[in-house]
Q: 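Right, I'll just put the structure down here and ask away after.
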Amino acid sequence: MINRRHFLSAAAPALALSGYPVHGFTKEPVKGRIVVIMLQGGMDGLLAVPPIGDDDLFKQRKALVASNPLKLNPLFGIHPNFKNFSKMLKSNEASIVHATSFPYTARSHFEGQNVSQTGSKIPFSTDTGWLGRAMDVAKITGKALSLDAPLLIRGAPAFDNFYPANIGKTQAPQSELLNLIKNTHDGEVMVAIDKLSQVSMNSPSRLRARDSLSLATKAGESMREINGPRVAVLTIPEFDDHSSIGSTTGHHPKLFTLLDNVFYQLRSALKEQWDNTIVLTTTEFGRTVQENGSAGTDHGFGSVGLLAGGLINKSSVVSNWPGLSSKDLYEKRDLFATIDYRSVCAACIEAAFKLDHDLIVDKVFKDKKITRIYEHIFR
Amino acid sequence: MYENKNNWARKVGFGFRPDDEVPSNIDVWNSNQLDGKFQLFGLNKVGLWPEEHNFSIEQRLNRLHKHHRYIEKTNKEKISLKEKKLLNQVSKRESDVHLYDVQKLWNSAIYGNDTFKQRLLHFWANHFTVGGNVNFRNYVIGDLIHNVIYENLDGPFDDLLYLATTHPGMLDYLDNTANSGENSKEAINFRKIGRTAGLNDNLARELMELHTVSPAKNYTETDIRNAAKVLAGWGQSLTDFVQRYNELKIQKGNPIGNMSLKEFTLSPYIKNKAEPGKKVIMGKPFPAGPKALRKLTDMLAQDDFTAQNLSKKLAIHFIGENANKSEIKIIYDAWKASKGDLVKVHEATLKVTRATRVKKFLWPSTWMLQGIRVSGANFMKENKSAGGFGGIRDDGTPNYEPLGILEEIGHSFWASRQPDGYSEKKLDWVSTEHLDRRVRIASRIFNAGPSRSGEEIANLLDFSDRTKVAISKGRNSEEKFIIALCSSDFMEI
């Protein structure tokens, strides 16, 4: 059980809602919505979406394959705990990108998480996130619902956040007081206090439970509003399963169920706005192809991305499958990533914010090598 | 730069209390901070910290064992709701140990005279992050902080590194308890019965990446694997060490012999799980057996990249994130010259910080503890009417509030979190909600009866004119106090 004590810590489920359209800023507010689910710790893509048609899978992995995956096509199956997501696949509302990763191979969580949020090849080389920059280009202001401001959406104009406090015997600070405090600050702190004094006048509805599913519901409900946020970032921690990861049941499969329910909650809460939405997962890296000695998997490279939303017209598994025989693996141990996941992010930005691919490549990722795979996901 | 002694004590410590004697000679004070003897302060009154609230690792593991027994009982045995409630209560009392640990950390910061050492304690506790878990790891995190890190701040880094690496909390947190050699007796036996056992490289990876040389060293995956082989055999899982002890006892050949449960949990090296044979890490050979780990941590501790990595981290923590290269180099030179003698390293840190013009945006907890300390707010509840801040029960024992407050400001050493610890970047702590928490905390501090007013704090610490003007505009003494604590002059030093 995840209680709210865990929420505020760095490795806890978190939600950031962002991107409120500003009237008069653009001619017509952007309709599309993007939800990013950050799977913190490194999801095992081969356990989530096993390539059951590749015989080498069973040669490489003895235990860590679910006994009854749902078959998607001759090559791929999906872990049976993805019940809702499978239904979305059937109804052409979801897609999968396999053998993919952000361009990062050094297997450090912290560098990998940084790269997956900045979209830059070099860890810790920039202070803004790829989604924040995309919002900047699309002229959507930022507002997050969390204690921290996630790196992924930093760089959005007028960034702001909201999260109700729970400190006994205290009240929301009054704006007169905040204005006086503001006068003693410059830069980011001044801006943040200024936003806080506006929040205290116009407080959004209170968020009560802070577990992943409640956060997903909250995200969907807020984003459903006409002038609601266009961007939400959900963090699901605990994917770093070095031991006893589980195959059909166990810790990783439990997280699959949680993720599956998050997809379901988002869809239910977004209602008609689901049609304008794309949800995508990110993770810092995949895990080793072979299991380690303690029935878990260690840090690897290629993994899988799960996408869902009404912006998808036809479901597919997008993959340039590299194979799993030892000679096909990255450094003889990891699934090769044949698709740069930034291409997937770029396609989602293109679909939701209606930005031109070249502009995204130029202004958001600043890397001309990112190919356009929009047609494969949003055909 | 820090001619105002009160500000200097905030730059490297938690500041001076109203009842502290501000030293006439700051150089003497500085050197006392490095090697002086200090007293710890009370639980619910300003006096010595009661000995019965210091817990050894044995006491902690015994309490944890009891806790597990209660859980086992409630799960397995048919018991009445009343009994269940009672068991829950008892197991909760066992886990009180971590509440004392939190309280001790607060009291030491607010009342201790070893204020620089206390800040160093927070720095190193963050460097050797062990993420919490209410059901088990919280029993031992305080041991790592108070008994291991604090007690080794004036010795060689080699010692601190080895002790932190082999701490039951660290071994559990970074999965080394699940790490056994591929050719260990246990792995061979397990394979025969169809069970898996083998290497888990989590601790080995973070030992190199975070605790010592950093990825700048360009070590290979093979180095990490071989380090994991050296680590194989170390550690007992804190979740089920009793069960594991019983399993091993009946395992073929009884790998733990006559070892008692206590010995088993306290001697974390299990030969049966160790990888036999020589290992090579970064070009150096390591023999089989438990002594190899000390050789490995010593090698890593003495590596030039460790000196670089940690000098930079210390500079950023005390000077600020814009500490320049020449400042870092002074700490680095001291590290190299003394081979990582932490007294010399910390001395250089003090020296270089004294001369800097770079400012540090304080961590939320550092800021809060400074606010309580410098204002003279009443944190301890000396009697029922005193109120206090931080919540002490009427029987004088701590309750959950201090821990809750740390979690609420996103800065608890007992929280579940990632092994890289809390960020030193200002931007990671600036959001409207983080600032909302600071305003609320400042209000709580005011209501705990500080002996210094907002204006007094502003004068004492030479606040800028614009801050003094803002304070003067506060509509009452509470607002004036909050503005003082939440001003840039107090948050950034």
Side-chain angles (χ1 to χ4, degrees), chain A residues 5-6 8-12 40 62-63 106-111 113 127 144 146-149 151 154 160-163 165-173 176-178 180-181 183-186 188-189 192-193 195-196 199-200 237 240 242-244 291-296 298-299 331 333, chain B residues 131-132 134 175 178-182 187 196-202 205 209-210 215 221 401 404-405 407-408 410 412 415-420 422 426-428 430-437 439-441 443-444 447 464 466-467 469-471 473-475 479 482-483 486-489 491:
Chain A
R5 254 175 214 298
H6 288 124
L8 291 169
S9 55
Q40 199 178 59
K62 307 285 181 290
R107 305 188 182 99
S108 149
H109 286 297
F110 323 107
E111 292 184 350
Q113 284 165 9
D127 285 337
S146 60
L147 182 62
D148 300 310
L151 175 59
R154 285 187 208 161
D160 179 24
N161 78 331
F162 171 76
Y163 202 76
N166 184 16
I167 298 175
K169 302 171 203 160
T170 65
Q171 287 166 347
E176 292 87 346
L177 172 61
L178 291 169
L180 289 172
I181 295 172
N183 292 339
T184 76
H185 290 275
D186 308 289
E188 305 91 352
V189 184
I193 295 176
K195 294 287 159 195
L196 180 59
V199 167
S200 71
D240 190 27
H242 284 270
S243 56
S244 310
E291 51 257 78
N292 66 15
S294 44
D298 293 325
H299 306 180
E331 292 184 350
R333 49 172 273 173
Chain B
V134 259
D175 293 323
N179 180 20
S180 48
E182 285 152 329
T196 51
L199 284 186
N200 184 314
D201 70 17
N202 208 8
R205 184 180 299 275
E209 177 178 338
L210 297 175
E221 283 294 319
E401 201 186 13
I405 284 177
E407 283 170 359
E408 201 61 39
S412 163
S416 140
R417 65 202 190 282
Q418 299 204 117
D420 55 343
Y422 290 113
K426 176 179 178 178
L427 270 184
D428 289 336
V430 176
S431 71
T432 52
E433 287 307 315
H434 273 302
L435 293 162
D436 167 271
R437 300 306 183 271
V439 176
R440 287 169 190 264
I441 295 286
S443 154
R444 277 298 299 273
N447 285 300
S464 64
R466 74 168 178 182
T467 297
V469 168
I471 292 171
K473 288 183 181 165
R475 289 168 299 185
E479 284 200 355
I482 294 173
I483 297 165
C486 295
S487 67
S488 61
D489 302 75
M491 284 191 188

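Chain identifiers are assigned alphabetically (A, B, ...) following the order of the sequence lines, protein sequences preceding nucleic acid strands; residue numbering begins at 1 within each chain.
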Q: How long is the straight-line distance from CD of A/Q40 back to CG of A/D240, given to the nearest 0.5 Å?
A: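 Rounded to the nearest 0.5 Å, the CG-CD separation comes to 9.5 Å.
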
Q: Taking every heavy-atom pair that is under 4.5 Å apart, which of A/D127, A/I193, A/V189 has the most such pairs with chain B?
A: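 Highest number of pairs under 4.5 Å: A/V189.
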
Q: Which atoms of B/L199 are under 4.5 Å from chain A, going by heavy atoms: the side chain, the backbone, both sets, or neither?
A: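 B/L199 touches chain A through backbone heavy atoms alone.
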
Q: For a quick test of reading the model, state the closest non-hydrogen atom pair linking A/E111 to B/P215 and the distance between them.
A: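 Taking every non-hydrogen atom into account, OE2-CG, 3.5 Å.
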
Q: State, with a plain yes or no, whether a side-chain heavy atom of A/R154 is found less than 4.5 Å away from one of B/D428.
A: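 They are in contact (side-chain heavy atoms under 4.5 Å apart), so the answer is yes.
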
Q: Determine whether a donor-acceptor pair (N or O, by modelled atom type, separation under 3.5 Å) exists between the side chain of B/N200 and the backbone of B/N179.
A: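 No.
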
Q: With a 4.0 Å cut-off on N to O distance, would you call B/E408 and B/R437 a salt bridge?
A: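 A salt bridge links B/E408 with B/R437.
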
Q: So which atom in B/L427 and which in A/E188 form the shortest heavy-atom distance, rounded to 0.1 Å?
A: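 For B/L427 versus A/E188, the nearest heavy atoms are CD2-CG, 3.5 Å.
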
Q: Go through the atoms of B/A178 and report whether side chain, backbone, both or neither lie under 4.5 Å from a heavy atom of chain A.
A: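 Backbone plus side chain of B/A178, per the 4.5 Å heavy-atom cut-off to chain A.
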
Q: Where on B/T467 is there a heavy atom nearer than 4.5 Å to chain A: the side chain, the backbone, both, or neither?
A: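 Both parts, backbone and side chain.
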
Q: What residue, out of A/L151, A/N183, A/L177, has the most heavy-atom pairs lying under 4.5 Å from chain B?
A: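 Counting heavy-atom pairs under 4.5 Å, the top option is A/L177.
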
Q: Measure across B/G410 and B/Y422 and return the closest heavy-atom pair with its distance rounded to 0.1 Å.
A: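 Closest pair (atom of B/G410, atom of B/Y422, distance): O-CE2, 3.4 Å.
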
Q: Using non-hydrogen atoms and a 4.5 Å limit, figure out which bit of A/Q113 sits close to chain B: side chain, backbone, both or neither.
A: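 The answer is the side chain of A/Q113.
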
Q: If I measure from the heavy atoms of chain B, does A/D186 come under 4.5 Å with its side chain, its backbone, both, or neither?
A: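 Its backbone and side chain both get close to chain B.
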
Q: Report the option among B/I405, B/V439, B/D420 that has the most heavy-atom pairs separated by less than 4.5 Å from atoms of chain A.
A: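 Answer, by heavy-atom pair count under 4.5 Å with chain A: B/D420.
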
Q: Under a 4.5 Å heavy-atom cut-off, does chain A meet the side chain of B/I471, its backbone, both or neither?
A: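 Neither part.
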
Q: Supply the atom-to-atom distance B/D436 CG to A/L196 CG, rounded to the nearest 0.5 angstrom.
A: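 Answer rounded to 0.5 Å: 5.5 Å.
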
Q: Heavy-atom distance under 4.5 Å to chain A: side chain of B/D175, backbone, both or neither?
A: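 Interface part for B/D175: side chain.
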
Q: Please flag which part of B/E209 lies under 4.5 Å from any non-hydrogen atom of chain A: side chain, backbone, both or neither.
A: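 The side chain, not the backbone.
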
Q: Which atoms of A/A295 are under 4.5 Å from chain B, going by heavy atoms: the side chain, the backbone, both sets, or neither?
A: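 Answer is both: backbone and side chain atoms of A/A295 are under 4.5 Å from chain B.
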
Q: Mind ranking B/G474, B/G181, B/P419 by heavy-atom pairs under 4.5 Å with chain A and telling me who comes out on top?
A: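 Among the listed options, the one with the most contacts to chain A is B/P419.
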
Q: With a 4.5 angstrom heavy-atom cut-off, could you sort out which part of A/R333 is near chain B: side chain, backbone, both or neither?
A: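 When you check distances to chain B, only side chain atoms of A/R333 fall under 4.5 Å.
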
Q: With a 4.5 angstrom heavy-atom cut-off, is it the side chain or the backbone of B/S487 that approaches chain A, or both, or neither?
A: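 Answer is both: backbone and side chain atoms of B/S487 are under 4.5 Å from chain A.
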
Q: Nearest heavy-atom pair of B/S464 and B/D489: which atoms, and what distance?
A: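 Closest approach of B/S464 to B/D489, heavy atoms only: N-OD2, 3.0 Å.
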
Q: About how many Å separate CD of B/Q418 and CG of B/L210, when rounded to the nearest 0.5 Å?
A: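 One gets 10.0 Å once the value is rounded to the nearest 0.5 Å.
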
Q: Name the option with the most non-hydrogen atom pairs under 4.5 Å to chain A; the candidates are B/K473, B/R205, B/M491, B/K426.
A: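 It is B/R205.
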
